[in-house]
Structures are given as structure tokens and as C-alpha cells.
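What follows is a short report on a single structure.
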Amino acid sequence: MPTLDDTFAALSDPTRRAILSRLALGEATVMQLAEPFEMTQPAISRHLKVLEGAGLIIRRAEGTKRPCRLAPEGIAAIDQWLGLLREALTRNYDRLDALLAAGLPEKDEEIP
């Protein structure tokens with residue numbers, strides 16, 4: 001099972017992020033994914049192997065082609081982790097809002 005470390009390591013490369021962005025539009029073959037890049041098909045295949053190992057894409061055999069698509073479980077794991085961070089930030093902002101609503105003493109006022 002891939003870890004979040006594997007996932008974020010895979011996402012650290014701009015080419016892999018671009019590949020994921022392309023796959024967000026729908027399934028694509030290795031050759032279709034290689035088109036916008038100035039690199040060889042084997043280089044793209046190595047990127048795909050990293051993405052697959054991180055659980056971010058799924059590849060299937062279709063004759064001689066190996067179409068790729070996003071892996072919903074891998075994307076959901078990232079979203080779940082980011083959701084925890086969003087909740088923590090929301091709690092922090094809610095506490096700050098409560099403090100501000102309660103009114104802070106003026107600078108010249110003495111704090112009891």
C-alpha cells in the first residue's frame with residue numbers, strides 16, 4: 001500500500017503533476033501523455049511507473065496499448081489528509097474570530 005510519503009514524492013515532479021492534470025481530462029495512452037513533453041516515451045513510462053507505485057494512476061492492458069487513468073483511492077487519500085489540515089486551520093481561525101469578537105484591550109489599557 002502506498003504511503004503519503006510516496007504520494008507526495010511522486011507529486012514533487014512537475015512532469016508528473018502535468019501528467020495527472022492531463023489524466024484529469026480522461027484516460028490516455030503513454031504516447032498521448034508523451035506528446036506535450038520533449039522527452040522520450042521510455043522517460044514518460046518511468047514517470048508513469050512512479051505515479052502507479054504511489055497509487056495515483058491505474059494502467060490496464062488493451063492489446064499493445066496501456067491506457068492510464070487516475071486512481072480514485074490515491075486522490076481520495078490526498079484529499080483526506082488535506083481535509084485534516086483544512087479542519088485544523090478552520091478551528092484556528094474560529095478561535096481567532098472568537099478572540100477578536102470578544103474585543104482585545106487597547107494598547108494603553110492595562111491587562112488585568
Side-chain angles (χ1 to χ4, degrees):
M1 177 118 206
T3 66
L4 276 176
D5 289 343
D6 297 330
T7 301
F8 284 107
L11 292 173
S12 69
D13 185 275
T15 300
R16 291 193 283 267
R17 290 192 307 270
I19 289 170
L20 290 175
S21 294
R22 167 52 186 88
L23 291 175
L25 301 174
E27 193 173 84
T29 64
V30 176
M31 294 309 292
Q32 290 169 325
L33 293 170
E35 283 175 13
F37 302 103
E38 292 185 16
M39 61 179 68
T40 65
Q41 180 271 330
I44 292 294
S45 291
R46 285 191 293 275
H47 283 295
L48 293 174
K49 186 175 180 179
V50 171
L51 291 169
E52 188 175 29
L56 294 171
I57 66 166
I58 299 169
R59 292 197 274 185
R60 64 182 174 82
E62 186 179 276
T64 59
K65 295 180 181 179
R66 301 266 310 194
C68 304
R69 61 185 166 90
L70 292 177
E73 303 83 21
I75 305 303
I78 297 168
D79 192 48
Q80 181 181 12
W81 185 77
L82 291 173
L84 294 172
L85 295 181
R86 279 190 293 272
E87 288 174 19
L89 283 174
T90 298
R91 284 192 305 273
N92 288 341
Y93 285 129
D94 288 346
R95 283 197 312 267
L96 178 60
D97 288 343
L99 283 173
L100 293 173
L104 297 175
E106 293 293 325
K107 241 183 178 182
D108 295 336
E109 290 182 32
E110 202 167 304
I111 300 173

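A quick note: this is a predicted structure, and the numbers were derived from the prediction, not measured. FYI, side chains are in, hydrogens and waters are out, and symmetry mates aren't considered; it's all heavy atoms of this structure.
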Taking a hydrophobic cluster as the set of Ile, Leu, Val, Met, Phe, Trp and Tyr residues connected by side-chain heavy atoms closer than 4.5 Å, whether directly or through intermediates, do [X] and [Y] fall within one such cluster?
| X | Y | answer |
| --- | --- | --- |
| I75 | L11 | yes |
| I44 | L20 | yes |
| M31 | F37 | no |

Side chain to side chain donor-acceptor pair (under 3.5 Å) with E62: which of R60, K65, R66?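 Single side chain to side chain donor-acceptor pair (under 3.5 Å) partner of E62 among R60, K65, R66: R60.
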Shortest non-hydrogen contact from [X] toward [Y]:
| X | Y | answer |
| --- | --- | --- |
| A77 | L4 | O-CD2, 4.3 Å |
| P36 | Q32 | CD-O, 3.8 Å |
| A71 | G55 | CB-O, 3.3 Å |
| P72 | I58 | CD-CD1, 4.4 Å |

Could you grab the distance from atom [atom1] of [X] to atom [atom2] of [Y], nearest 0.5 Å is fine?
| X | Y | atom1 | atom2 | answer |
| --- | --- | --- | --- | --- |
| E87 | N92 | CD | CG | 12.0 Å |
| Q41 | L33 | CD | CG | 10.5 Å |
| I19 | L51 | CD1 | CG | 6.0 Å |
| R22 | L70 | CZ | CG | 10.0 Å |
| E52 | S45 | CD | OG | 10.5 Å |
| H47 | I57 | NE2 | CD1 | 11.5 Å |

[Y] side chain reached by [X] side chain, heavy atoms, under 4.5 Å:
| X | Y | result |
| --- | --- | --- |
| L56 | I78 | yes |
| T29 | C68 | no |
| P42 | R46 | yes |

Backbone of A10 reached by a side-chain donor or acceptor of D13 within 3.5 Å: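 No, because the side chain of D13 does not come within donor-acceptor range (under 3.5 Å) of the backbone of A10.
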Could you check whether any side-chain N or O of R69 sits under 3.5 Å from a backbone N or O of L23, counting only pairs where one atom can act as donor and the other as acceptor? no
Is there any ring-ring contact (aromatic ring centres under 6.0 Å, His included) pair reaching into residues 60-100, and which pairs are they, with sequence neighbours excluded?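 Qualifying pairs, neighbours excluded: F8-W81.
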